[in-house]
Asker: 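Okay, handing you the structure first.
Counting begins at 1 with the first residue of the sequence.
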Amino acid sequence: MINKLLLISFSLIIGVAAMAQEAKSDAVYKEQTKEFTLNSDGSISYHYSHKLLINTYFAFHNLYGEDFIVYDPAFQKLKINRSVTTMADGKQVASPENAYNELLPGFAANVPVWNRLREMVVTHTGLERGALIDFDYTLTSQKGYLQALMANEQLLMNSPVAKLTVIVNVPSGAVFNYEQFNIAAKPKIVKSGSKTSYTWEMLDMPAALREDFRPQEQPARPRLVFAGSLKQQDAVAVFASQPAFKYETPAEMAEMAKSTVGGIEKPLLKVLKLQEKVTGELNTWQVPLQYSGFKVRDVASVWQSNGGTEAEKAVLLVALLRSQSIQAEAVAVVADRFYTKKTISPALFERFLVKVSLQGMDPIFLSPTQTDQQDLRYTLSGKRIISLVPGKVQSTEVIGEPKNLVELSGNLELENELNLKGKLNLELGGRLNPWLKMQKDSTYANTMLSNAFGNGKITDMVKGKTDIDLSSFSFQASSATFASEKAGLVFLKLPSLGSASDSWHCTELVSKRTEPLEIPFPASESCDIFIIIPEGMSLVSPAATLTMNNEFGSIEISITAEGQKLHIIRKINIIKTLVAADKYDTFRSMINSWNSKKYREIVFKKGEK
């Protein structure tokens, strides 16, 4: 009898604990299935289903009251297999006929070329706390609409998943390759008749968290990348074989390009002028590549429609550059950590750029949707660049880490009127060096320096080195924005350049993290200046020194005074951008120390008048 009571009590404890865990989330996917099928005729089917338990009012009012499916009716057939809600008392409520409504997807608004796209909105009825949504649909794409069965599936959802099943079906003899990341179990492979199935089952998947500074590529989350086709093929080569990548330019467009760069002698300035033309005068349509069937329209169509996707504008810019005898090609950007030769496909493409090769300099990378201050190579660390050249094996290049630096030095004087002035020297390197912008706009350097020095007055500027890797300047600066007086005290904010560590906005880091943190880029930032303060003004802030070294980099801070002369040294060198959750405290302590007010502001006491 005692054993039975213990068993019942133990079962109750487990049940209560499981219920408590579910109650922490607004909703829980009891089951979720994603099934991808490459049919023997070349058509592709995607079958999705879930059973979603609603725990809170917020879940059905704000999160899961509807499901959305974007598709192209011209090439795809959508079938809703089931949409039923089981209420808390067991009553089942099917979605009525008016719960199914087709809309134009938001990204296709004002995009005539893609106004045939539809977004099926399925509204779930009978929702309440404790209700279970049972939803199931199949989307079938015609042969040829998608060039291959391909996916880059990040598997975490915004709510926990008790059981996730991913199935891939391919005909026997088809070519299928996959890579899995942060998934422990290998798939179960079953060959049955003319079909081979790969099945992954994952239990108790946590919700995808929404912490600040989440890694862009989410390397710690489970992910499945695969590519399949009826015969051996290079999915990227097939993508690049579209007529758009022949870059055929109508005569009137070539004449327009010639007129646009008329009177410009330097090839680089011609490139930047044509980039300005494409980015500024044609609309950018934010239609995801997957919803356009991974299709890219040709140059003439893009121009005549006065707009295009990022890929289409890249093709257009390449065509205009080539019409002016400038070597250029469109390239795709992918995360190198997810790249393999066997699984690479357009599903992994993150963005499209234009690679331009000019005599006497290394190739540069430009955006087709906005003008750039610097060669985008300096922002692509850890990315793999894939050339999109028809009829050739697609060459690739992995971009290394640049040396991003800001170094400020000089001698300043704080006047009685609290104006800070003096001579400064500045060096900018890597992505922090706006080299392209300065090539195009001769006045930009002065504007940049003024902004960096509190919107101050800049005079006697002398340019030193002006290379794509490093630019240097010396100049006289004057600004009244750094110092202020209150109750007989003077508060002096130390000069800093907002383009480096300040641009990360890591000023309020939470005490604990669950997922890794990533800052935008590594950087070396240095400020070494002397400041002379007026006679009669005395230092209230104590002298300060700080030295820190760890796996993420180093900090050196020193604030010392000798008579009326202050010596300020502030240096930070961040060498690692990805911070694991178990190393977060170390990184947080480092950044909080760097941003501490006692190391960024000095307080003085004014003397008696």
Side-chain angles (χ1 to χ4, degrees), residues 31-50 138-141 143 145-157 161 163-205 208 215 217-240 288-290 293-294 332-350 382-384 386 393-394 396 398:
E31 296 178 11
Q32 185 182 49
T33 300
K34 300 179 178 182
E35 184 175 10
F36 304 81
T37 301
L38 173 61
N39 299 304
S40 58
D41 64 354
S43 63
I44 294 173
S45 299
Y46 174 62
H47 177 214
Y48 174 87
S49 67
H50 69 231
T138 303
L139 182 63
T140 302
S141 302
K143 175 184 177 181
Y145 178 67
L146 300 174
Q147 63 191 54
L149 178 67
M150 50 191 173
N152 175 21
E153 285 286 310
Q154 188 184 141
L155 298 178
L156 290 190
M157 302 292 289
V161 182
K163 181 182 178 181
L164 171 63
T165 304
V166 179
I167 305 169
V168 181
N169 304 308
V170 297
S172 297
V175 180
F176 178 70
N177 294 289
Y178 71 88
E179 290 289 337
Q180 58 188 59
F181 303 87
N182 305 305
I183 300 173
K186 294 293 183 181
K188 180 181 178 181
I189 304 175
V190 176
K191 296 182 179 180
S192 177
S194 61
K195 181 179 73 172
T196 302
S197 296
Y198 300 76
T199 302
W200 289 262
E201 286 191 357
M202 288 153 272
L203 302 177
D204 300 322
M205 303 280 285
E217 296 176 359
Q218 299 291 6
R221 293 184 177 180
R223 182 185 299 265
L224 187 61
V225 176
F226 60 79
S229 56
L230 296 178
K231 61 182 180 179
Q232 186 70 45
Q233 66 177 23
D234 182 335
V236 175
V238 174
F239 177 81
L289 196 60
Q290 68 189 87
F294 297 93
V333 180
V334 303
D336 186 53
R337 57 165 45 97
F338 302 132
Y339 170 89
T340 68
K341 287 185 177 180
K342 291 184 176 181
T343 59
I344 182 61
S345 77
L348 281 163
F349 291 172
E350 294 181 349
K383 302 295 185 182
R384 184 178 288 267
I386 302 177
V393 175
Q394 310 306 306
T396 71
V398 179

Asker: Please name the pair of heavy atoms, one in A227 and one in T343, separated by the smallest distance, quoted to 0.1 Å.
Answerer: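 Looking at all heavy atoms of both residues, the closest pair is CB-O, 4.0 Å.
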Asker: Using the test salt bridge (charged side-chain N to carboxylate O under 4.0 Å, His left out), find all partners of E153 that sit at least two apart in sequence or belong to another chain.
Answerer: K34
Asker: Answer yes or no: is there a donor N or O on one side and an acceptor on the other, between the side chain of Q32 and the main chain of K163, under 3.5 Å?
Answerer: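 Side chain of Q32 to backbone of K163, a donor-acceptor pair under 3.5 Å: no, none is there.
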Asker: Quick one: CG on L156 to CE on M202, what's the gap to the nearest 0.5 Å?
Answerer: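 One gets 10.0 Å once the value is rounded to the nearest 0.5 Å.
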Asker: For F36 together with F226, are the ring centres under 6.0 Å from each other?
Answerer: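 Aromatic pair counts; centres sit under 6.0 Å.
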Asker: Less than 4.5 Å apart, any side-chain heavy atom of Q147 and any of P346?
Answerer: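 Heavy-atom side-chain distance check passes, below 4.5 Å.
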Asker: Between F239 and L289, is any pair of side-chain heavy atoms under 4.5 Å apart?
Answerer: yes
Asker: Heavy atoms, side chains only, cut-off 4.5 Å: are V334 and F349 in contact?
Answerer: yes
Asker: Using side-chain heavy atoms (C-beta onward) and a distance below 4.5 Å, is Q154 in contact with P222?
Answerer: no
Asker: Indicate the atoms forming the closest heavy-atom contact of L146 with S141, along with that distance.
Answerer: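 Smallest interatomic distance, heavy atoms only, reads CD1-OG, 3.8 Å.
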Asker: Check salt bridge (charged side-chain N to carboxylate O under 4.0 Å, His left out) between R223 and all other residues, then give those that pass, not counting sequence neighbours.
Answerer: none
Asker: Can you tell if the side chain of K143 reaches within under 4.5 Å of the side chain of Y145, non-hydrogen atoms only?
Answerer: no
Asker: Tell me, which pairs form a side-chain hydrogen bond (donor to acceptor under 3.5 Å, both in side chains) where one or both residues lie in residues 228-239, sequence neighbours left out?
Answerer: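 Every pair satisfying side-chain hydrogen bond (donor to acceptor under 3.5 Å, both in side chains) with a residue in residues 228-239: there are none.
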Asker: Does the Q180 side chain pair with the main chain of I183, one donor and one acceptor, at a distance under 3.5 Å?
Answerer: yes
Asker: Can you find a pair of side-chain heavy atoms, one from F338 and one from I344, that are under 4.5 Å apart?
Answerer: no
Asker: In Å and rounded to the nearest 0.5 Å, what is the CG to CD1 distance from L38 to I44?
Answerer: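 L38 atom CG to I44 atom CD1 measures 5.5 Å (nearest 0.5 Å).
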Asker: Would you say the side chain of R221 lies within less than 4.5 Å of the side chain of F181, judging by non-hydrogen atoms?
Answerer: no
Asker: Check salt bridge (charged side-chain N to carboxylate O under 4.0 Å, His left out) between D336 and all other residues, then give those that pass, not counting sequence neighbours.
Answerer: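 D336 satisfies salt bridge (charged side-chain N to carboxylate O under 4.0 Å, His left out) with R384 once adjacent residues are dropped.
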Asker: Does a donor on one side chain and an acceptor on the other come within less than 3.5 Å for H47 and E35?
Answerer: yes
Asker: Side chains of residues 184-199: which donor-acceptor pairs under 3.5 Å do they make with residues two or more places apart or in other chains?
Answerer:
unit_1, atom_1, unit_2, atom_2, d
S197, OG, N169, OD1, 2.6

Asker: Is there a side-chain contact between E31 and H50 (heavy atoms, below 4.5 Å)?
Answerer: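 A side-chain contact under 4.5 Å is absent here.
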Asker: Is the side chain of N152 donor-acceptor paired with the backbone N or O of L224 at a distance under 3.5 Å, no angle test?
Answerer: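 Side chain of N152 to backbone of L224, a donor-acceptor pair under 3.5 Å: no, none is there.
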Asker: How far apart are the C-alpha atoms of M205 and L155, what are their side-chain angles, what is the distance that settles it, and do they pass the side chain to side chain contact (heavy atoms under 4.5 Å, CB included) test?
Answerer: CA-CA 9 Å; M205 303 280 285; L155 298 178; 4.2 Å; yes
Asker: Quick check: closest heavy atoms across S45 and T140, and the distance to 0.1 Å?
Answerer: OG-OG1, 3.3 Å
Asker: Does the N39 side chain pair with the main chain of D41, one donor and one acceptor, at a distance under 3.5 Å?
Answerer: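 Flag not set: sc N39 to bb D41 has no pair under 3.5 Å.
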Asker: Mind checking what makes salt bridge (charged side-chain N to carboxylate O under 4.0 Å, His left out) contact with E217, not counting sequence neighbours?
Answerer: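 E217 satisfies salt bridge (charged side-chain N to carboxylate O under 4.0 Å, His left out) with R337, K383 once adjacent residues are dropped.
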